[in-house]
Amino acid sequence: MQAIRTLIVDDEEMIRNGIARLIRSCGEGWEIVATLSDGKEAMDYLHQSQGAVDLLITDVKMPVMDGLTLISEGKRHYSFFPLVISGYDEFQYIQTALREGAVDYFLKPIDREQFKNRMAEIKLKIESGRFQHMKWNEMERKSEELKTSQQVQLLSYVTSAGLDISRLGYWVDEFPKGRYVLQYVSLDALPVKTRSYTPKDWEAYVYVLENIIKEVVEKCSNESETIGWCWRGDDSNFWILLHLPEAYGENNGLLEKTSFELSGQIRSAIQSYTPFTVSVSCGSSIEDLYLLPEAKDQALSLMYYRLLYGGNQLFGRDGIQFKTESSSDQMDNELVHIAQRMKQAVEQVNEQAAVQFTKEFFARLEKMDSPAAIQRAIMNAFILIHSVGVEMKVNTPMLDSLESRLQTIKRAINLNELKVELDQQIAQLVLEMKRMRQSGSMKPIEQAKAWIIANLQDDLTIKRIAEQVYMNPSYFCRHFKTQTGETILDYITGLRMEKARELLIDSQLKLYDISVQVGYQDVKYFSKLFKQWSGETPSKYREQKFSK
C-alpha cells in the first residue's frame with residue numbers, strides 16, 4: 001500500500017520537528033514529504049508537486065499566510081485531508097477549520113496517545129478514499145470503453161452499404177462537437193504468394209492489419225489534439241474517423257495535417273510488418289457528422305484514382321494525390337479545371353453545360369502531343385464523372401465497372417471515339433438523376449432553403465434545419481443532395497459567400513462585422529472560405545471594387 005504523503009507546516013522549527021517525530025512513531029505507512037514554515041511555502045509546494053499530498057498538518061497562526069487560508073486556497077485546487085494544530089482554544093478557529101474540511105483540531109501541547117489513535121483513523125479514511133477513487137476511475141474507464149464501443153458500432157452501421165441510417169434517429173448526439181475527417185484504408189493489389197493463403201491465414205492477417213491501424217490511430221490521438229475511431233469495413237478494408245475538438249474552431253489546417261501524417265504512418269507500418277501495402281483516401285473535413293455518408297461516398301470515389309496513379313498512396317479531395325510526380329506525369333491544370341466544371345454540371349443535372357465542357361476538354365487535348373498525358377487526362381475525366389454516380393447513388397449499367405472503362409480508354413483508336421463514350425456516360429447519368437429527382441418532392445427542400453435564408457447569420461446545424469421540415473437529419477441530407485446536387489452545408493456556404501460579397505461593398509462595415517453577419521465568429525476562417533470561393537481575400541475583393 002502506498003505511504004500516506006504528509007506535509008507539515010508550522011512557523012516554529014521545534015514544533016515542526018516534534019510533529020515529524022510523532023508521525024514517524026505511528027509506524028510504517030507514513031511519508032513526510034516536507035516540513036515548511038508558512039502557508040505561502042506550503043502553497044508553492046502544492047503547486048510544484050501538483051497536489052501530491054494526502055495529509056496536510058498545519059498551524060493556524062503563521063506569518064505570510066495563515067493555516068486556515070492555506071486550507072481554503074489549497075482545497076480550491078487539490079484534494080487532501082487537512083489537520084489543524086494550534087495553541088488557540090477558540091471556537092471561531094475550530095469552527096472555521098472544520099468548515100474548510102479539517103479532519104480534526106488538536107491543541108498544543110499534543111497528547112501522544114490521542115494523536116496516534118487519531119492518525120490510525122485518518123490513515124484508514126485516506127486509504128478508503130484512495131480505494132473509492134480507484135474504483136471510480138475504473139468505472140469511468142469501463143464506461144468510456146463502452147461508450148467508444150457503441151460509437152464504433154454506430155459508425156460501422158452508418159458506413160455500411162444498403163442500411164437505412166434514418167432509423168438511427170439523432171445518432172450524432174453520441175459524438176463530441178467539432179470537425180471530422182474520414183479516411184478509407186484499402187488493400188492494394190495482393191502479392192502472388194497470397195494465392196496460397198488459407199481462410200485462416202487471411203483471418204489472421206486481417207486481425208493483424210486491424211490491430212496495426214488501431215495502434216497507429218491511438219498513438220496519433222495521444223500525440224495530437226485529435227480523437228480517433230477505427231473499424232473494419234467490407235472484406236479487408238478499414239475506416240478511420242478523426243475528430244478535432246470544437247475548442248479549436250474551424251482549424252482545418254491542423255486536422256488536415258494530422259490526417260496526412262496519420263495516413264503516412266499507417267501505410268508505413270503496414271508495409272513494414274506485413275507483406276501488403278494499402279492506399280488511403282479521404283475527402284474534405286466535415287463539421288456535422290450527419291454528412292458522414294457523403295464523406296464515405298467521396299472517399300470511396302477518390303480510391304478510384306488508384307487505377308490511375310497506382311497503390312500505396314494517399315488520395316485527397318478532387319483526386320489530388322500526395323505522392324510527388326515527375327513533370328511528365330503531371331496533368332495540365334486547365335484540363336483538370338475543365339474536368340471539374342464538367343463534373344459540377346453533371347451534379348447540377350445540366351447536360352447542355354456538361355457537353356459544352358467535354359467539347360472544350362477534347363479541343364484542348366487535340367493540341368497536346370504526349371500520348372501518356374492525354375490518356376491520363378481522359379482517365380481523370382472518366383473517374384470524375386463516375387464519382388458523381390457513386391456519390392449520388394445512381395445505378396446504371398454504364399457505371400458498373402470503372403476499371404473496364406479505363407481499359408477501353410487504353411485501347412481506343414482516336415479521341416472522337418472517347419468523346420462519344422464520355423458524352424453517352426454523361427447523358428445516361430443525367431437522365432437517371434432526373435428520374436431520381438422527379439421521384440422525390442422538392443417542397444421540403446424549398447421550405448428548408450427559405451428558412452436558411454431567413455436565419456443565415458445563426459448557427460445552422462443539419463439537425464436544426466431538418467427539424468424545420470420535420471425530416472430525419474440523415475434522410476434530409478441525402479434528399480437535399482439528390483434534389484440539388486450539393487450538400488446542405490455547401491449550399492449554406494454559397495449563400496453566405498454571396499451575402500458577404502454584397503456586404504463588402506459597404507466601406508463602413510468592418511471585416512469582423514461582415515463575418516458575424518454571415519454566420520462566422522472566426523474572421524480568419526471566414527477569410528479562408530471567401531478566398532476558396534471567390535479566388536481572392538475579402539480585403540482584396542473590397543479593394544478592387546473601390547478602385548474601379
| request: Please round to the nearest 0.5 Å and tell me the distance separating atom CG of L289 and atom CG of L155. | output: 7.0 Å
| task | With side chain to side chain contact (heavy atoms under 4.5 Å, CB included) as the test, would you mind laying out the steps for V278 and S186 before giving the verdict? | result | CA-CA 5 Å; V278 296; S186 177; over 6 Å; no
| said: Between S259 and Q183, is there a side-chain donor-acceptor contact under 3.5 Å, judged purely by atom types and distance? | reply: yes
| So, E391 and S301: side-chain donor and acceptor under 3.5 Å apart, yes or no? | yes
| Do S387 side-chain atoms and L384 backbone N/O form a donor-acceptor pair below 3.5 Å? | yes
| said: Which heavy atom of L182 sits nearest to which heavy atom of C282, and what is that distance? | reply: O-CB, 3.1 Å
| message | Does atom CD (Q50) have a neighbourhood of more than 12 heavy atoms from anything else shown, all under 6.0 Å? | response | no
| Quick one: does T487's side chain get under 4.5 Å of F480's, heavy atoms only? | no
| note | In terms of heavy-atom contacts, P275 and P191 come closest through O-CG, 3.2 Å
| request: Check for a donor-acceptor pair, side chain of R542 on one end and backbone N or O of L504 on the other, with a separation under 3.5 Å. | output: yes
| said: Show, in sequence, the C-alpha distance, side-chain angles and deciding distance for R306 and S281, and conclude whether the side chain to side chain donor-acceptor pair (under 3.5 Å) test is met. | reply: CA-CA 9 Å; R306 179 166 50 185; S281 61; over 6 Å; no
| request: Please check if any side-chain donor atom of T484 sits under 3.5 Å from a side-chain acceptor atom of R437, or the reverse. | output: no
| task | Indicate yes or no: at least one non-hydrogen side-chain atom of I270 is less than 4.5 angstrom from one of V216. | result | no
| Residue pair S224 / T226, side-chain donor-acceptor N/O under 3.5 Å | yes
| message | So L456 and W451, do their side chains get closer than 4.5 Å, heavy atoms only? | response | no
| Just checking, is any N or O donor in the side chain of N472 or Y170 under 3.5 Å from an acceptor N or O on the other one? | no
| request: Look at the aromatic rings of F276 and Y205 and report parallel, tilted or perpendicular, splitting at 30° and 60°. | output: perpendicular
| task | Could you check if a side-chain atom of V516 sits within less than 4.5 angstrom of a side-chain atom of Q457, using non-hydrogen atoms only? | result | no
| message | Tell me whether D513 contacts the main-chain N or O of L509 through its side chain, where contact means a donor paired with an acceptor under 3.5 Å. | response | no
| note | Residue pairs passing the salt bridge (Lys or Arg N to Asp or Glu O under 4.0 Å) test with at least one member in residues 487-512, sequence neighbours excluded, are E498-R501
| Would you call D297 and R478 a salt bridge, taking side-chain N to carboxylate O under 4.0 Å as the test? | yes
| remark: From the list F175, W239, F238, ring pair (Phe, Tyr, Trp, His ring centres under 6.0 Å) partner of W229 resolves to F175
| message | To check you understand the geometry: which heavy-atom pair defines the closest contact between S160 and S156, and what is its length? | response | OG-O, 2.5 Å
| message | Apply salt bridge (charged side-chain N to carboxylate O under 4.0 Å, His left out) to residues K219 and E223 and explain how you reach the verdict. | response | CA-CA 6 Å; K219 182 173 182 289; E223 294 177 352; 2.9 Å; yes
| request: Check the pair M442 / I445 against side chain to side chain contact (heavy atoms under 4.5 Å, CB included), numbers first and verdict last. | output: CA-CA 5 Å; M442 273 296 291; I445 302 302; 4.1 Å; yes
| task | Could you please spell out the steps behind the salt bridge (charged side-chain N to carboxylate O under 4.0 Å, His left out) verdict for E144 and K147? | result | CA-CA 5 Å; E144 190 63 31; K147 181 180 178 181; 5.1 Å; no
| query | What residues form a side chain to side chain donor-acceptor pair (under 3.5 Å) with D423, not counting sequence neighbours? | reply | T358, K419
| field | Backbone of Y309 reached by a side-chain donor or acceptor of Q313 within 3.5 Å | value | yes
| task | Please check if the side chain of T277 supplies one atom and the backbone of Q271 the other of a donor-acceptor pair under 3.5 Å. | result | no
| Y475 atom OH: more than 12 heavy-atom contacts under 6.0 Å | no
| task | Identify whether the distance between the nearest side-chain nitrogen and carboxylate oxygen of R364 and E360 falls below 4.0 Å. | result | no
| task | Would you indicate whether the side-chain heavy atoms of L244 and Y180 approach each other to under 4.5 Å? | result | no
| field | Distance in Å, H337 NE2 paired with N333 CG, rounded so as to fall on 0.5 Å steps | value | 10.5 Å
| message | Tell me whether S515 contacts the main-chain N or O of L511 through its side chain, where contact means a donor paired with an acceptor under 3.5 Å. | response | no
| request: Taking only Lys NZ, Arg NE, NH1 and NH2, and the carboxylate oxygens of Asp or Glu, determine whether E261 and K257 approach each other closer than 4.0 Å. | output: yes
| Has the side chain of D522 got a donor or acceptor atom that lies under 3.5 Å from a matching backbone atom of Y525? | yes
| D288 side chain to I462 backbone, donor-acceptor under 3.5 Å | yes
| note | Between R464 and D459 the two heavy atoms that sit nearest each other are NH1-O, 3.1 Å
| field | Side-chain ion pair, E210 and K214, N-O less than 4.0 Å | value | yes
| field | Check: I385 and M342 side chains under 4.5 Å, non-hydrogen atoms | value | yes
| Looking only at heavy atoms, which two atoms of P293 and I165 are closest? And how far apart? | CG-CD1, 3.4 Å
| said: Before you tell me yes or no, could you show the steps for Q517 and L503 under side chain to side chain contact (heavy atoms under 4.5 Å, CB included), namely the whole-Å CA-CA distance, both residues' side-chain angles and the distance that decides it to 0.1 Å? | reply: CA-CA 9 Å; Q517 285 191 43; L503 294 173; 3.8 Å; yes
| query | Does T159 offer a backbone N or O that forms a donor-acceptor pair with the side chain of K296 under 3.5 Å? | reply | yes
| What distance separates I465 CD1 from C477 SG, expressed to the nearest 0.5 Å? | 8.5 Å
| task | Just say parallel, tilted or perpendicular for the rings of F530 and W533, cut-offs at 30° and 60°. | result | tilted
| From E294 CD over to K481 NZ, what is the distance, rounded to the nearest 0.5 angstrom? | 5.5 Å
| field | Exam field: side chain S221 to backbone G228, donor-acceptor pair closer than 3.5 Å | value | yes
| said: Can you confirm whether L365 sits close enough to M368 that some side-chain heavy atom of one is under 4.5 Å from a side-chain heavy atom of the other? | reply: yes
| remark: Here the pair of heavy atoms bringing M392 nearest to T482 is CE-CA, 3.6 Å
| field | Spatial distance of atom CG (D173) from atom CG (L168) [nearest 0.5 Å] | value | 12.0 Å
| Is there side-chain contact between V390 and Y304, with at least one heavy-atom pair below 4.5 Å? | yes
| For the ring pair Y157 and W171, is the centre-to-centre distance below 6.0 Å? | no
| Candidate pair V280 and L262, rule side chain to side chain contact (heavy atoms under 4.5 Å, CB included), full reasoning | CA-CA 10 Å; V280 182; L262 176 63; over 6 Å; no
| said: So, taking the atom named CG in N455 and the one named CD in Q468, what distance separates them when rounded to the nearest 0.5 Å? | reply: 7.5 Å
